[in-house]
Chemist: 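My structure is below; once you've seen it, I'll send some questions.
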Amino acid sequence: MDTSDKNTKTKTTSNLEVNLVPKIEKRAWREETLADHFHCILCGSPLHFRHKTDFIKQTVAEIAHCPSCGVKNRDGLHSLQ
C-alpha cells in the first residue's frame, strides 16, 4: 500500500466466517428438569422412589435410589398440607 496517498481506503478481498459454537438443539426447560429429577445423575438410569407418610407429624419422607449403580440420590422430608 502506498503511504503517500492518504485518501485511499482498503478494500475487502475476502470474508472469513468462523462458527466456534457447536449447534446444540435446545430442549424445553420442563423436559430437562423432569429428566434430571427422575434419572440418576451418575449413570442416567431411571430412579426408584419410596415414600413414607407419617400422618401424626404430617410429613412425607421421599427416598430415591438408583437400582443400576446403587447410589442414593435423594432423601427429602416434605410436609403435608
Side-chain angles (χ1 to χ4, degrees):
M1 183 173 174
D2 186 13
T3 57
S4 62
D5 189 9
K6 302 282 183 184
N7 294 330
T8 59
K9 294 184 180 179
T10 58
K11 294 181 182 179
T12 303
T13 56
S14 66
N15 289 329
L16 178 63
E17 293 183 21
V18 179
N19 186 7
L20 298 178
V21 180
K23 292 186 179 186
I24 300 172
E25 293 182 22
K26 292 184 179 180
R27 290 175 34 181
W29 178 83
R30 182 177 182 270
E31 292 173 356
E32 189 172 334
T33 303
L34 289 175
D36 289 343
H37 183 75
F38 290 119
H39 292 86
C40 179
I41 58 171
L42 187 61
C43 69
S45 298
L47 294 175
H48 285 207
F49 292 88
R50 285 189 301 150
H51 297 91
K52 294 181 182 178
T53 306
D54 187 348
F55 291 105
I56 295 172
K57 294 181 182 179
Q58 295 288 310
T59 59
V60 176
E62 178 184 56
I63 301 165
H65 74 282
C66 178
S68 298
C69 60
V71 174
K72 182 179 169 185
N73 290 16
R74 200 171 295 120
D75 190 4
L77 188 63
H78 307 286
S79 63
L80 294 175
Q81 293 183 3

Chemist: Just how far is it from atom NE2 of H48 to atom NE2 of H65, taken to the nearest 0.5 Å?
Modeler: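 Spacing of NE2 (H48) from NE2 (H65) equals 6.5 Å.
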Chemist: Determine, using the 4.5 Å side-chain heavy-atom cutoff (strictly less than), whether L80 and L77 are members of one ILVMFWY cluster.
Modeler: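 They do not share one cluster, since no chain of ILVMFWY contacts under 4.5 Å joins L80 to L77.
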Chemist: Between C69 and C40, is there a side-chain heavy-atom distance shorter than 4.5 Å?
Modeler: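 Heavy-atom side-chain distance check passes, below 4.5 Å.
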Chemist: What's the separation between atom NE2 in H39 and atom CG in L47, rounded to the nearest 0.5 Å?
Modeler: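 H39 NE2 to L47 CG: 8.0 Å, rounded to 0.5 Å.
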Chemist: According to a 4.5 Å side-chain heavy-atom criterion applied to Ile, Leu, Val, Met, Phe, Trp and Tyr, with indirect links allowed, do F49 and L34 form part of one hydrophobic cluster?
Modeler: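 Yes; tracing contacts between hydrophobic side chains, which count when under 4.5 Å, links both residues.
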Chemist: State the NE2-OG1 distance between H78 and T53, to the nearest 0.5 angstrom.
Modeler: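 So the gap between those two atoms works out to 10.5 Å.
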